[in-house]
Visitor: 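Have a look at this one before I ask anything.
Any value given below was found using the heavy atoms of this structure, including those in side chains, with hydrogens, waters and symmetry copies removed. Sequence lines set the chain letters: A, B, ... in the order given, protein chains first and strands last, and positions in each chain run from 1. Keep in mind the model is a prediction, meaning the values are calculated, not measured.
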Amino acid sequence: MRVSRLLTKTLREVPSEAETVSHHYLLRSGMVHQIAAGVYAYLPLGWKVLRKIENIIREELDSAGAQEIMMPVLQPLELWEKTQRHHAFGKALFTLTDRRDRTLCLGPTHEEVVTELVRHQVRSYRDLPLLIYQLQTKFRDEPRPRAGLMRVREFTMMDLYSFDTNEEALDISYQKMRKAYRNIYERCGLPTLEVEADSGAIGGKDSHEFMVITDTGEDEVIRCTTCEYAANVEKAESIKPAGERRSLEPVEEVATPGMKSIEEVADFLQVPRNRTMKAVFYSADGNLVFAAIRGDLDVNEIKLKNALKCTELQLASEQQVRLAGLVAGSASPVGLTGVKVVADDSITLGTNFVAGANRPDRHLLNVNYPRDFKVDIMQDIAATRAGYACPRCGHVLTSTRGVEVGHIFKLGTLFSNTLGAFFLDNEGRQQPIVMGCYGIGVGRLMAAAIEQNHDDQGIIWPAPLAPYQVYLCGIGMDKTEVATAADSLYEDLRANGVEVLYDDRAESPGIKFNDADLLGIPLRVVISPRTLKQQGAEVKRRNSKESQIMPLDDLIRQLKSWS
RNA sequence: CGGGGUGUAGCGCAGUAGGUCAGCGCGCAUGGUUUGGGACCAUGAGGUCGGAGGUUCGAGUCCUCUCACCCCGACCA
């Protein structure tokens, strides 16, 4: 391609909306163009990169035995009503009405459709296992699109689904996909960290995310400084430090005038925070829920949501709290009735807690579970923070940020059961197909690759993702010998299958070099009067300062060995 | 959905006690001089100042409403 004919031009100045590096360079290099919030057009260079990524994905999945299909964007809402996931997605689901007044949605993902599809194709255990995938545009009406391609409302996603006869077979598929994913990221030149992930109220047991570690990442990753443990903060666990164990004292009510927060109460009563009990009120699908946790810890709302198996969870409004007769600042599960209580297991780590008296300005001393109160659910609902102890090895945990570029789940039989995807096993019994799903956001991966590979001058594409391998630069194009030599080298490179972007413009060297750097093409080849004097061309890697003159008559052979 | 911010030429911006305020830089076009890290000179094209109402003799500037976009948070199977 000749730069003079290229649709896009590089921008010297950055559109002011760009905050992150990838957004900045994507716009400035002319790879994408924003059409609306979270909606982008891919321009020639960006589209080439996207297709490179897609093809790497295809090759790796195909070689793992997967089969590519294409499913529709447009999906009947009925299908989503069957699984009730239209509620789980809520407003993020784009819906529309057709001329017959039927409601359709733009698929945010394809579990329903693929299950519906497979249920018609699979009869017997002999048809399994299956790995089916597609590269398709997804639509999600995100509350807040952001950071260029990082979080958008319309995006290309590779989504793969596995179908197996049982959990053991699912695990084989799952491990196969983990391997395929590692290969994909490796070929993309993108180091990723595999972390344990939350699978949501709907998900199954195992779930992992593939994270690119970068400060601009949206997700927080908790990892151990010593062992291999790494998890999304949504899911991360820790060993909670045990509090003091003493013999149980009788409950005693004391006055705590004006003391409401844990800090105030603990200071006032001269007890450590880990001997207090914190109360947090939530509204779970509209019902009031009481969460109890040791005072030195915080509630992880994702864990709480999963414990409650609810779809909507937010802090309860003041009004809700008041109507339930709870006393904010002095609430506890002791003597509480009519409200669901979820407790973090930390309230069993220690004795003789300070808790609210459910009366204004009063607290209780020496509250102990289960002597003094009952709970409906007791499990880990605590937020894990950097500095806590690793659940595996006990060493200290740290926190970093990451971009989620892949997510894999074991779904189990949820979709097959509700949508009726069954097979007959080798004893003729009907069984639900055991499923898994595996997604990669292609545009986001591209953005993450830029976050990870750039300098002050621009992008430094890993060669497998680069839109072109060679940036051919003619300096002094008004001189016939330069133009002729550059033109003929361009034709030679193309004839030899080298992906070459030819800067044939009558621009100054500075402009061309800067554009070459901005676009991040791995190799820059310069033809100028200076190089022609040596019957050669200057070759330079994007990621290196050194250049060298290579003889024109042997250039193509040498270039191939260089890249 | 809460909080904050921005909309003036393709991009970046200036212009707001209401009165030659339709401007600058970059980019673009034409001509010329330049050519190894974003050159220079000259000439030129390009904007219903996001939109709708209103106040006023007069609105880019003030008021009301509205739309779009960005940032923080909430949210993100």
Visitor: Checking A/Gln134 side chain against A/Met71 main chain: does a donor-acceptor pair fall under 3.5 Å?
Guide: yes
Visitor: Indicate yes or no: does A/Asp215 engage A/Arg401 in a salt bridge with an N to O separation below 4.0 Å.
Guide: no
Visitor: How many Å lie between CZ on A/Arg401 and C1' on B/rC76, as a whole number?
Guide: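 Roughly 13 Å, once rounded to whole Å.
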Visitor: B/rC69, B/rG36, B/rC71: which one has an atom nearest the side-chain heavy atoms of A/Arg144?
Guide: B/rC71
Visitor: Using the P atom as the reference point in each nucleotide, state the distance between B/rG36 and B/rG73 in Å, no decimals.
Guide: 48 Å
Visitor: For the C1' atoms, the ones on B/rA45 and on B/rG27, what distance do you get once it is rounded to whole angstrom?
Guide: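 The same atom, C1', in both gives a distance of 13 Å.
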Visitor: Take the protein atom CZ of A/Arg140 and the nucleotide atom P of B/rC75, then report the distance between them rounded to whole Å.
Guide: 17 Å
Visitor: Heavy atoms under 4.0 Å, any strand shown: does A/Ala506 hit a base, just sugar-phosphate, or nothing?
Guide: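 Nothing, no nucleic acid heavy atom in range.
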Visitor: Going from OG1 on A/Thr413 to CZ on A/Phe422, what distance comes out if it is rounded to the nearest 0.5 angstrom?
Guide: 9.0 Å
Visitor: Round to the nearest Å and state the distance from A/His23 atom NE2 to B/rC70 atom P.
Guide: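 Checked: the NE2 to P distance equals 8 Å.
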Visitor: Among B/rA77, B/rC76, B/rA74, find the nucleotide with the atom closest to the side chain of A/Glu142.
Guide: B/rC76
Visitor: Report yes if a side-chain nitrogen or oxygen of A/Gln457 is closer than 4.0 Å to either non-bridging phosphate oxygen (OP1 or OP2) of B/rG38; otherwise report no.
Guide: no
Visitor: Please tell me if A/Ser528 has a side-chain N or O lying less than 4.0 Å from either OP1 or OP2 of B/rG36.
Guide: no
Visitor: Once you round it to whole Å, what is the distance between C1' of B/rA77 and CZ of A/Phe415?
Guide: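 Result: 7 Å.
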Visitor: For atom C1', what is the distance between B/rA9 and B/rC28, given to the nearest Å?
Guide: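 Result for the C1' pair: 11 Å, nearest Å.
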Visitor: Please evaluate the base of B/rC76 for a donor-acceptor partner in the side chain of A/Arg151 within a cut-off of under 3.5 Å?
Guide: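 By the distance-only test, yes, there is a pair.
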Visitor: Can you tell me the distance, in whole Å, between the CG atom of A/Asp503 and the C1' atom of B/rG37?
Guide: 13 Å
Visitor: Nearest to the A/Asp478 side chain among B/rU35, B/rC70, B/rG38, which nucleotide is it?
Guide: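 Per side-chain heavy atoms of A/Asp478, the pick is B/rU35.
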Visitor: Looking at A/Glu142 and A/Arg151, does any basic side-chain N land under 4.0 Å from a carboxylate oxygen?
Guide: yes
Visitor: For B/rC71 versus B/rC26, give the span between their P atoms, rounded off to a whole number of Å.
Guide: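 Looking at atom P only, B/rC71 and B/rC26 are 29 Å apart.
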Visitor: Check every strand shown and say whether A/Ala197 touches a base, only sugar-phosphate, or nothing at a heavy-atom separation below 4.0 Å.
Guide: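 Result for A/Ala197 = nothing.
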Visitor: Measure from the side-chain heavy atoms of A/Phe513 and tell me the nearest of B/rA77, B/rG36, B/rC76.
Guide: B/rG36
Visitor: Do the charged groups of A/Glu194 and A/Arg178 touch, with an N to O distance under 4.0 Å?
Guide: yes
Visitor: How would you label the glycosidic angle of B/rA17: syn (within 90° of 0) or anti?
Guide: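 What B/rA17 shows is a syn base, its glycosidic angle lying within 90° of 0.
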Visitor: Between A/Arg444 and A/Glu538, who's closer to the 5' end of RNA chain B by nearest nucleotide?
Guide: A/Glu538
Visitor: Hey, what do you get for CD (A/Glu112) to CZ (A/Phe415), rounding to the nearest 0.5 Å?
Guide: 5.0 Å
Visitor: Using the C1' atom on both, measure B/rU61 against B/rA14 and round to a whole Å.
Guide: 14 Å
Visitor: What distance, rounded to whole Å, do you find between the two P atoms, one in B/rU55 and one in B/rG15?
Guide: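 These two P atoms come out 29 Å apart once rounded.
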Visitor: Distances under 3.5 Å between protein N/O atoms and the N/O atoms of nucleotides 26-29 of chain B, please, pair by pair.
Guide:
| from | atom 1 | to | atom 2 | distance (Å) |
| --- | --- | --- | --- | --- |
| B/rG27 | OP1 | A/Arg12 | NH2 | 3.3 |

Visitor: As an exercise, state the distance from CE of A/Met435 to CG of A/Leu170, rounded to the nearest 0.5 Å.
Guide: 10.0 Å
Visitor: A/Tyr181 vs A/Phe210 aromatic rings, parallel, tilted or perpendicular, using cut-offs 30° and 60°?
Guide: tilted
Visitor: Using a strict threshold of under 4.0 Å (side-chain N to carboxylate O), is an ion pair present between A/Arg505 and A/Asp515?
Guide: yes
Visitor: What does A/Glu111 touch in the nucleic acid at a heavy-atom separation under 4.0 angstrom: a base, only the sugar-phosphate, or nothing?
Guide: base
Visitor: Between B/rG37 atom C1' and A/Asp456 atom CG, what is the distance in whole Å?
Guide: 14 Å
Visitor: Return the value, rounded to whole Å, for the distance between atom CZ of A/Arg153 and atom C1' of B/rA68.
Guide: 11 Å
Visitor: So A/Ala37, base contact, sugar-phosphate only, or nothing? Heavy-atom distance under 4.0 Å.
Guide: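 Sugar-phosphate contact only - A/Ala37 comes under 4.0 Å of backbone atoms but never of a base.
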Visitor: What's A/Ser547 touching, base or sugar-phosphate or nothing? Going by heavy atoms closer than 4.0 Å.
Guide: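 It contacts nothing in the nucleic acid.
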Visitor: RNA chain B: A/Ile549 or A/Ser508, which has the more 5' nearest nucleotide?
Guide: A/Ile549
Visitor: Measure from the side-chain heavy atoms of A/Ile475 and tell me the nearest of B/rG37, B/rG38, B/rU35.
Guide: B/rU35
Visitor: Say you pick atom C1' in B/rU64 and the same atom in B/rC1; how far apart are they, in whole Å?
Guide: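 Per the computed distance, 24 Å lies between those C1' atoms.
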Visitor: In whole Å, what separates the P atom of B/rG4 from that of B/rG12?
Guide: 25 Å
Visitor: According to the interplanar angle, ranging from 0 to 90°, do the rings of A/His208 and A/Tyr174 count as parallel (below 30°), tilted (30 to 60°) or perpendicular (above 60°)?
Guide: tilted
Visitor: With sugar-phosphate meaning primed atoms plus P, OP1 and OP2, does A/Val14 contact a base, only sugar-phosphate, or nothing at under 4.0 Å between heavy atoms?
Guide: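 It contacts sugar-phosphate atoms only.
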Visitor: For A/Tyr25 and B/rC11, give me the distance from atom OH to atom P, rounded to whole Å.
Guide: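 After rounding, the reported distance stands at 21 Å.
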Visitor: Looking across every strand, which nucleic acid part, if any, lies under 4.0 Å from A/Arg524 by heavy atom: base, sugar-phosphate, or nothing?
Guide: base
Visitor: Checking all strands, does A/Arg28 fall into the base, sugar-phosphate, or nothing category for heavy-atom contacts under 4.0 angstrom?
Guide: base
